[in-house]
Amino acid sequence: MKTVFRVTAALALASTVAFFAGQTRASTFAAWEVVNVPWGDTLNIRKYPSNSSQKQAAYPNGAVLQMTGKCTGGLSLFEIGHLPDWNQKQRVRYRWCQVWHDPAQNGRFVTGWVYGRYIAPY
């Protein structure tokens, strides 16, 4: 009877840990910063991954962005996070990556997209 109890307790603990591990990953952001924007200009955050999409906000060089980890072409910032910074930057260079931001600065966060050429790991 003790063995059955131990196995049940171990399975319950394992499923609880797995559940919360999945929850933690879903709410995690990757910090990247705005870089290489020409002097006097800003990086536009767009509603969709396209230059012709609606502009939501703009940030100058040095601004730190909360990245969701999702980029066009199926690239995940979390999967390349172990690589050197230069390699991560190279992989996102020609992709759009999703950000989580508050364009109106009123507490209503939304997702938007930035072009990878102008971001780097923070």
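Values reported hereafter were calculated over all heavy atoms of this structure, with side chains retained and with hydrogens, waters and symmetry mates removed.
Interatomic distance, Trp96 CH2 to Arg117 CZ, rounded to the nearest 0.5 Å: 12.0 Å. Leu65 contributes atom CG, which lies 12.5 Å from atom CD of Gln98 (distance to the nearest 0.5 angstrom). Note: Leu43 CG to Glu33 CD = 12.0 Å, rounded to the nearest 0.5 Å. Distance CG/Leu83 to CD/Gln88: 6.0 Å, rounded to 0.5 Å. Interatomic distance, CZ of Phe29 versus CE of Met67, reported as 11.0 Å (0.5 Å rounding). Taken to the nearest 0.5 Å, the OG1 atom of Thr42 stands 9.5 Å off from the CG atom of Asn61.
Between Ile119 and Cys97 there is a side-chain heavy-atom pair separated by less than 4.5 Å.
Listed here is the closest heavy atom pair of Val34 and Val37: CG1-CG2, 3.5 Å. Of all non-hydrogen atoms in Val35 and Ala120, the two that sit nearest each other are CG2-CB, 3.8 Å. Of all heavy-atom pairs spanning Val99 and Trp113, the tightest one is CG2-N, 4.4 Å.
Checked by atom type and distance alone, the side chain of Asn44 never pairs as donor or acceptor with a backbone atom of Arg46 at under 3.5 Å. Within the 3.5 Å criterion, the main-chain N or O of Gly107 finds a donor-acceptor partner in the side chain of Asp102.
A perpendicular orientation is assigned to the rings of His101 and Tyr59, their planes being inclined by more than 60° (bins at 30° and 60°).
When the shell of 6.0 Å around OH of Tyr94 is examined, it contains 12 or fewer heavy atoms from other residues, nucleotides or ligands. More than 12 non-hydrogen atoms from other residues, nucleotides or ligands lie less than 6.0 angstrom from CZ of Arg95.
Checked against a 6.0 Å centroid threshold, the rings of Tyr122 and Trp32 do not count as neighbours.
When the side chains of ILVMFWY residues are joined at heavy-atom separations under 4.5 Å, either directly or via intervening members, Val114 and Ile80 end up in a single hydrophobic cluster.
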